[in-house]
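Computed from heavy atoms alone, side chains included, the values below leave out hydrogens, waters and symmetry copies.
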Amino acid sequence: MLFYDGIKVYMQNGKLDDVEIAYYINKIRKTHKGKILKRISFILGEGYIDLRYMFQSYLFERIWRISTKDRLIESVV
């Protein structure tokens, strides 16, 4: 576990660099304005990344699966 901008970050089955972590955190913050992100987990699979994240005032996790093909396209844009 590590901390990024006050958020607990968990990695499973690999590692992302700080730029990728920041990208997904900022995207979640932009999509869910006004909510405080508390925790995020990156689960790297073969051909996908699962993001599981939790906000401070909500008691359940949200899950977002991203194809690594999409991830490569998004990182170029």
Side-chain angles (χ1 to χ4, degrees):
M1 176 185 67
L2 59 104
F3 283 90
Y4 185 89
D5 198 23
I7 301 164
K8 290 181 188 175
V9 177
Y10 298 90
M11 299 276 178
Q12 194 173 340
N13 302 331
K15 190 172 181 177
L16 298 174
D17 62 26
D18 288 344
V19 173
E20 288 181 298
I21 293 170
Y23 171 80
Y24 290 115
I25 287 175
N26 290 331
K27 192 163 187 161
I28 291 168
R29 283 179 170 165
K30 189 184 292 185
T31 304
H32 302 285
K33 291 182 182 177
K35 296 178 183 170
I36 299 169
L37 190 59
K38 179 179 176 181
R39 180 177 78 200
I40 187 167
S41 299
F42 294 93
I43 303 165
L44 298 125
E46 195 141 332
Y48 67 89
I49 297 175
D50 274 350
L51 291 179
R52 296 173 184 238
Y53 51 99
M54 182 178 282
F55 297 108
Q56 187 172 9
S57 58
Y58 295 91
L59 300 176
F60 60 91
E61 282 187 323
R62 298 173 187 270
I63 301 171
W64 177 23
R65 179 167 279 186
I66 302 159
S67 164
T68 53
K69 186 170 109 178
D70 294 340
R71 183 174 144 229
L72 293 174
I73 292 168
E74 287 180 356
S75 67
V76 173
V77 174

**Q.** Step-by-step side-chain contact (heavy atoms from CB on, under 4.5 Å) determination, Tyr10 to Ile40
**A.** CA-CA 6 Å; Tyr10 298 90; Ile40 187 167; over 6 Å; no

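- The NZ atom of Lys35 sits 13.0 Å away from atom CD of Gln56, with the distance rounded to the nearest 0.5 Å.
- Taking each heavy atom of Ile25 and Tyr4 in turn, the nearest pair found is CD1-CD2, 3.6 Å.
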Q.
Determine whether Tyr53 and His32 satisfy the following criterion, side-chain contact (heavy atoms from CB on, under 4.5 Å), listing intermediate values before the conclusion.
A. CA-CA 11 Å; Tyr53 51 99; His32 302 285; 3.5 Å; yes

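- In the hydrophobic clustering of ILVMFWY residues, with side-chain heavy atoms under 4.5 Å counting as a link, Ile36 and Met54 come out apart.
- Hydrophobic clustering, with ILVMFWY side chains joined whenever heavy atoms are under 4.5 angstrom apart, groups Ile7 together with Leu2.
- Counting all heavy atoms, side chain and backbone alike, Ile21 lies closest to Leu16 at CD1-O, 3.9 Å.
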(Q) Pair Ile28, Phe55 - check side-chain contact (heavy atoms from CB on, under 4.5 Å), show working. (A) CA-CA 10 Å; Ile28 291 168; Phe55 297 108; 4.0 Å; yes

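- In this structure, the side-chain contact (heavy atoms from CB on, under 4.5 Å) partners of Ile43, at least two apart in sequence or on a different chain, are Gln12, Asn13, Asp50, Arg52.
- Contacts of Asp5 classified as side chain to side chain donor-acceptor pair (under 3.5 Å), with partners at least two apart in sequence or in another chain: Arg29.
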